[in-house]
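Scroll down for the structure; my scribbles are underneath it.
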Number of protein chains: 2
Amino acid sequence: MQADQVIRALGALAQEHRLATYRLLVQAGADGMAAGALAEALGLPASSMSFHLAQLSHAGLVTQRRQSRSIIYAADYAAMGALMGYLTENCCGGASCAPAATPADERNVA
Amino acid sequence: MQADQVIRALGALAQEHRLATYRLLVQAGADGMAAGALAEALGLPASSMSFHLAQLSHAGLVTQRRQSRSIIYAADYAAMGALMGYLTENCCGGASCAPAATPADERNVA
DNA sequence: TCGATATTTCCATACTTATCGAATCATTGG
DNA sequence: CCAATGATTCGATAAGTATGGAAATATCGA
């Protein structure tokens with residue numbers, strides 16, 4: 001993974017609504033979720049949702065496929081894996097960057 | 001780690017000069033590097049470097065200590081570990097997000 | 001074909017971020 | 001105390017990002 005791509009991916013996730021979107025898509029798994037469903041779940045107007053999905057898509061973090069009238073978005077785990085790989089290789093001192101488990105009472109606190 | 005903090009950390013790294021800065025600091029290890037040394041290494045004016053270091057600092061990714069006239073910055077591995085932990089927990093489907101090793105010929109390509 | 005539905009694109013606006021010179025602050029050596 | 005050094009803060013400017021309504025585009029069912 002190129003630094004350029006890494007920056008796009010990090011930037012895509014560095015926004016409240018997009019991070020929330022990505023987390024929803026991870027939960028949804030391979031089935032993914034329609035743009036409208038995401039918009040409703042997050043309480044965003046359609047045009048805003050579309051804007052954020054475009055950013056995630058441009059960063060390569062999500063895939064999209066049309067299903068009838070809906071466009072279904074799904075998390076692209078390979079991209080996330082590549083991002084994690086880059087961070088592990090380049091941004092961790094080999095030191096304590098082993099992804100320490102988050103204490104249960106801090107987990108999933110939106 | 002709170003979503004709020006995660007967003008600041010991701011945002012801090014999602015910038016060319018700051019990602020480069022952080023990587024230099026990781027390489028430098030516990031000794032860290034002075035603001036001026038970083039500025040020179042990256043070819044940035046002092047005020048720009050200071051701006052970026054403030055962002056990294058505010059995100060909690062680096063520590064700073066004064067040593068005589070210099071201010072020495074160092075990577076905070078614990079923060080990076082917490083970030084990795086959050087991503088692993090919340091953004092990886094348990095699936096293939098295991099930080100796959102980057103192929104040798106793509107490694108460290110700035 | 002037409003109307004309804006799902007989504008995107010367009011546009012204007014507000015907000016945030018990046019840049020860098022100049023001014024300022026802190027520390028040290030003489 | 002003063003000049004020099006290392007760094008931050010200030011201020012102006014340019015560039016990029018977020019927001020959301022309105023218009024345009026695609027798809028489906030009748």
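Lettering of chains follows the sequences in order, A, B, ..., and the numbering in each one begins at 1.
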Measure the spacing between CD of B:Glu16 and OG1 of B:Thr21 and express it to the nearest 0.5 Å. 10.0 Å
I'd like to check B:Met84 versus A:Leu87 (side-chain heavy atoms, cut-off strictly below 4.5 Å). Are they in contact? yes
Rounded to the nearest angstrom, tell me the gap between atom CG in B:Leu42 and atom C1' in C:dT19. 15 Å
Would you call B:Leu19 and A:Tyr86 a side-chain contact if the rule is heavy atoms closer than 4.5 Å? yes
In the structure I gave you, are the side-chain heavy atoms of A:Leu24 and A:Met33 within less than 4.5 Å of one another anywhere? yes
Between protein and nucleotides 4-17 of chain C, map the contacts as a letter string: B base, S sugar-phosphate only, - none, heavy atoms under 4.0 Å, written 5' to 3'. BBSSBB--------
Is the side chain of A:Arg66 donor-acceptor paired with the backbone N or O of A:Ser68 at a distance under 3.5 Å, no angle test? yes
Within one Ile-Leu-Val-Met-Phe-Trp-Tyr cluster: B:Ile72 and B:Leu44, side-chain cutoff 4.5 Å: no
Side-chain heavy-atom pair B:Leu83, B:Leu13 within 4.5 angstrom cut-off: yes
Quick one: side chains of residues 49-62 of chain A, donor-acceptor pairs under 3.5 Å with protein atoms, not counting sequence neighbours, listed by atom name and distance.
from, atom 1, to, atom 2, distance (Å)
A:His52, ND1, A:Arg18, NH1, 3.1
A:Ser57, OG, A:Gln64, NE2, 3.1

Tell me, please, the opening and closing nucleotides of DNA chain D, 5' to 3', among those with an atom under 4.0 angstrom from a non-hydrogen atom of chain B. D:dA4 to D:dT9
